[in-house]
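This report concerns only the one structure given below.
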Amino acid sequence: MTIRRRDFLKGIVAGTILASTGKPVPAAAERDDRMPAAAVGILYDATLCIGCQACMVACKKANDMEYEHSGPDEIWDNPRDLSSKTLNVIKKFQHGDGLTKDSDPGYAFVKRHCMHCVDPSCVSACPVSAMTKSPVNGVVNYNKKACIGCRYCQIACPFNIPKFEWDSPFPTIVKCQLCSHLLAKGGISACCSACPTGASLFGPVQELMVEAKRRLGMKPGVYYDFPVSNIAGGAGTGSFQSHKAATYVPELYGEDEVGGTQVLMLSGVPFDKLGLPELPDRSYAALSDGIQYAIYKGMVYPIVVLAGLIYMARKQDEPKK
Amino acid sequence: MSEAKPIGGRIFTWPFMACLAVVLIAVYFLAQRFIYGLGAVTNMNDGYPWGIWIAYDVVIGTALACGGYAMALLVYVFNRGEYHPLVRPAMMASMFGYTLAGVSVFFDIGRYWQGYNIFLPGFANFRSVLLEVALCIGTYVLVLWIEFAPAILEKLKADRLKARLNRIIFVFIALGVLLPTMHQSSLGTMMLAAGYKLSPLWQTGFLPLLFLVSALMIGYAVVIFESTISCVAFRRPLETDLLGRLAGVIPWILVIYLIIRIEDVNLRGYLPLAFSGDLRSNMFLLENTFLGLALLILLYPANRIKPRLLFLSAVFIMCGAGLYRINTYLVGFDPGNGWQYFPSVQEITITFAIIAAEIMAYIWFVKKLPVLADLKHA
Ligand code: SF4
Ligand code: SF4
Ligand code: SF4
């Protein structure tokens with residue numbers, strides 16, 4: 001049974017109203033959850049992806065990650081999914097004859113890594129601010145010096161992105177940080193540098209959004225120019241390639257999902273087939289801390305209640321003195 | 001304070017030794033956990049990052065330790081002084097329950113050596129539900145020890161200190177009601193963040209309310225359960241009259257809980273899901289059947305003074321409300337992608353060891369400290 005998101009929200013809202021003693025919760029708990037103006041991200045266009053996995057190799061190298069084998073007899077590095085050793089993975093969807101690319105029945109590729117949510121649940125969830133969203137470029141970073149290893153971020157992330165080092169006595173959480181170390185030096189994410197077709201395209205989110213909308217308006221089968229590596233031409237390779245436009249699913253994944261994500265996706269097959277869940281327009285974290293906020297705002301309710309309790313406890317205790 | 005006296009007797013009885021054995025085995029597994037990592041002894045994984053150490057040890061463990069909270073609420077807020085003899089043993093069980101839940105968190109968190117970051121304002125994220133839960137539980141453990149301190153001071157014959165503490169104890173009693181109200185409901189709020197990963201049979205905005213009410217339910221059930229057990233184990237007459245009256249409170253709570261629980265699922269249109277016959281739906285039915293049976297028993301006042309039925313109803317409530325919590329944290333949780341979780345032998349052993357440690361502490365304390373009401377004077 002799939003989750004009907006309207007109903008889900010209805011339930012949440014009903015409970016929220018109740019929990020906040022009759023008053024509806026202020027929108028988004030008065031938090032500023034807009035995207036930073038200079039937010040950067042990635043536009044992944046599954047229809048351009050040829051499944052070469054160059055991005056996976058580049059990601060391993062750029063982030064000093066161990067190679068991973070799916071079984072003891074495997075010669076090549078071939079992680080099946082994200083893990084504490086793999087920040088980025090190309091997966092293949094296959095259905096029916098599996099012959100036609102970007103159609104169902106047929107096959108398609110999908111790239112998975114952190115979506116760098118606009119209102120990230122992992123950041124809301126983390127009790128010790130080990131997950132932070134950069135106020136400058138919106139990248140969601142992890143700080144192991146703060147992390148206590150509680151793994152609430154894993155529960156909270158709707159994309160199951162943060163991974164934990166289960167086999168280490170001194171484990172950390174591992175996730176894509178949009179190659180923050182490369183961005184700091186004025187570079188772009190390694191996966192986008194490596195992508196030969198422009199399927200992984202780096203750039204300012206606003207520009208990526210415009211580019212994605214342009215692609216959604218393309219006539220299938222007609223040739224168009226597609227930017228490669230970095231949409232802000234010049235900074236990266238700044239080159240273009242000509243491709244035949246595919247038949248896109250008329251949706252930009254990440255535009256609204258859980259309040260928007262800085263990683264955006266286009267595809268020829270429905271996103272849920274690629275393992276990307278159908279999500280409400282507001283982050284789950286915003287809903288839960290909406291309730292928290294309503295009850296604990298300025299600690300007013302708790303303090304009033306405490307005062308009442310002290311009074312009552314004192315009265316009960318009195319006769320016995 | 002009502003008259004309470006240590007009951008005395010040998011400490012190293014066979015139940016005590018059996019518990020000790022379980023604890024020793026668990027120490028061996030724990031050593032492995034700290035040397036090789038969590039993956040070496042647990043079946044937790046990236047899909048199920050929380051296993052029974054959170055779902056049972058903390059989420060159910062603290063609920064089972066809500067006897068002190070439930071009794072304090074009754075005695076101090078609803079002004080029912082007659083239940084006073086039940087307060088101290090309940091408080092003590094709560095103290096152990098919460099302390100050990102706190103300890104088990106340190107086995108569970110990956111970067112335990114930085115665990116104190118939770119208490120450093122520089123790191124605090126006040127939007128995090130988990131932060132609130134952790135701070136509240138941490139403070140409450142402290143409050144419970146202070147509330148229980150008079151019993152220890154009595155034993156130490158530190159009368160001056162005891163008198164001084166007694167003068168301000170009402171502040172801690174009040175905190176002892178406020179803090180569990182906060183974190184028990186927040187334990188429910190916590191799973192809201194799981195969003196679609198939690199089945200709609202459990203995922204609802206009513207989570208905080210249902211968790212709070214279920215904590216109270218378990219709290220009263222545990223008081224009945226523990227009183228009965230300790231009367232049988234230590235061969236003391238049963239406080240049936242008092243417990244029977246206490247049991248009169250429970251049907252009200254049960255009715256409120258069941259109405260909200262079922263109506264919430266129904267209004268959201270997911271009730272048919274409860275009859276789909278899979279594991280999740282059956283667990284939903286089981287959880288509520290237990291509570292329904294308890295209600296059936298306790299609805300009749302005549303049943304409340306029959307020790308066997310009373311005890312049975314307490315067990316039903318603990319099972320039903322306990323299942324509700326484990327279902328919310330584990331059974332109803334499905335991260336997708338084919339992930340599975342069932343606790344490993346080592347995980348289960350360590351959980352049992354925590355229960356065993358609690359029983360050992362309980363035996364030691366009631367024999368050595370003035371906890372249980374002195375029946376000759378009562
Ligand atoms: S995808 Fe997950 S890990 Fe990445 S920012 Fe969003 S919530 Fe955090
Ligand atoms: S595991 Fe670390 S990063 Fe994740 S929520 Fe816990 S403290 Fe934060
Ligand atoms: S942005 Fe960097 S860390 Fe993230 S997937 Fe691409 S290469 Fe890997």
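Just so you know, these numbers come straight off a predicted model, no measurement behind them. By convention in this document, chain letters (A, B, ...) are assigned in the order of the sequence lines, proteins followed by strands, and residues within each chain are numbered from 1.
- Contacts of B/Ala134 with chain A are absent, with no heavy-atom separation under 4.5 Å from either backbone or side chain.
- With chain A as partner, the option from B/Gly336, B/Gly37, B/Pro49, B/Gly39 having the largest number of non-hydrogen pairs under 4.5 angstrom is B/Pro49.
- Contact count against chain A (heavy-atom pairs under 4.5 Å) is highest for B/Ser186 among B/Gly176, B/Ala40, B/Ser186.
- In this structure, the side-chain contact (heavy atoms from CB on, under 4.5 Å) partners of A/Glu165, at least two apart in sequence or on a different chain, are A/Ser84, A/Ser168, A/Pro171, A/Thr172, A/Val174.
- A salt bridge is absent between A/Glu278 and A/Lys273; no separation between the charged side-chain nitrogens and carboxylate oxygens falls under 4.0 Å.
- Contact count against chain A (heavy-atom pairs under 4.5 Å) is highest for B/Asn125 among B/Leu38, B/Asn125, B/Thr189, B/Leu178.
- Interface remark: of the candidates A/Val128, A/Leu306, A/Ile310, A/Val128 forms the most heavy-atom pairs closer than 4.5 Å to chain B.
- In this structure, chain A has a heavy atom under 4.5 Å from the side chain of B/Phe333, while its backbone stays farther away.
- B/Ile35 touches chain A through its backbone: at least one of N, CA, C or O sits under 4.5 Å from a heavy atom, while the side chain does not.
- Between chain B and the options A/Phe164, A/Trp166, A/Phe170, A/Tyr152, the largest number of non-hydrogen pairs under 4.5 Å is found for A/Trp166.
- In this structure, the portions of A/Ala156 lying under 4.5 Å from any heavy atom of chain B include both its backbone and its side chain.
- Across A/Val118, A/Asp119, A/Thr261, a single residue satisfies side-chain contact (heavy atoms from CB on, under 4.5 Å) together with A/Met35, and that is A/Val118.
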message: Would B/Trp50 and B/Tyr341 count as a ring-ring contact (aromatic ring centres under 6.0 Å, His included) here? Give the steps.
response: CA-CA 9 Å; B/Trp50 285 348; B/Tyr341 168 80; over 10 Å; no
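- Shortest non-hydrogen contact noted between A/Pro127 and B/Ile118 is CB-CD1, 3.8 Å.
- Of all the listed residues (B/Asp108, B/Val171, B/Leu210), the one sharing the greatest number of non-hydrogen pairs under 4.5 Å with chain A is B/Asp108.
- Between B/Tyr112 and B/Phe107, the ring center distance fails the sub-6.0 Å criterion.
- Interface remark: B/Leu175 contributes backbone and side-chain atoms alike to the contact with chain A (heavy atom separation under 4.5 Å).
- Ranked by non-hydrogen atom pairs under 4.5 Å with chain A, the options B/Val129, B/Asn117, B/Asp46 are led by B/Asp46.
- Looking at A/Lys91 and A/Asp81, a side-chain N of the basic residue comes within less than 4.0 Å of a carboxylate O on the acidic one, giving a salt bridge.
- Residues A/Ser124 and B/Arg127 have side chains that bring a donor and an acceptor to within less than 3.5 angstrom of each other.
- Contact annotation for A/Pro302: both backbone and side-chain heavy atoms come within less than 4.5 Å of a heavy atom of chain B.
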Enumerate, atom names and distances included, each donor-acceptor pair closer than 3.5 Å involving a side-chain atom of residues 140-149 of chain A, sequence neighbours excluded.
from	atom 1	to	atom 2	distance (Å)
A/Asn141	OD1	A/Ser180	OG	2.8
A/Tyr142	OH	A/Ile173	N	3.1
A/Asn143	OD1	A/Lys145	N	2.9

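- Contacts between A/Val258 and chain B at a heavy-atom distance below 4.5 Å are absent for every atom of the residue.
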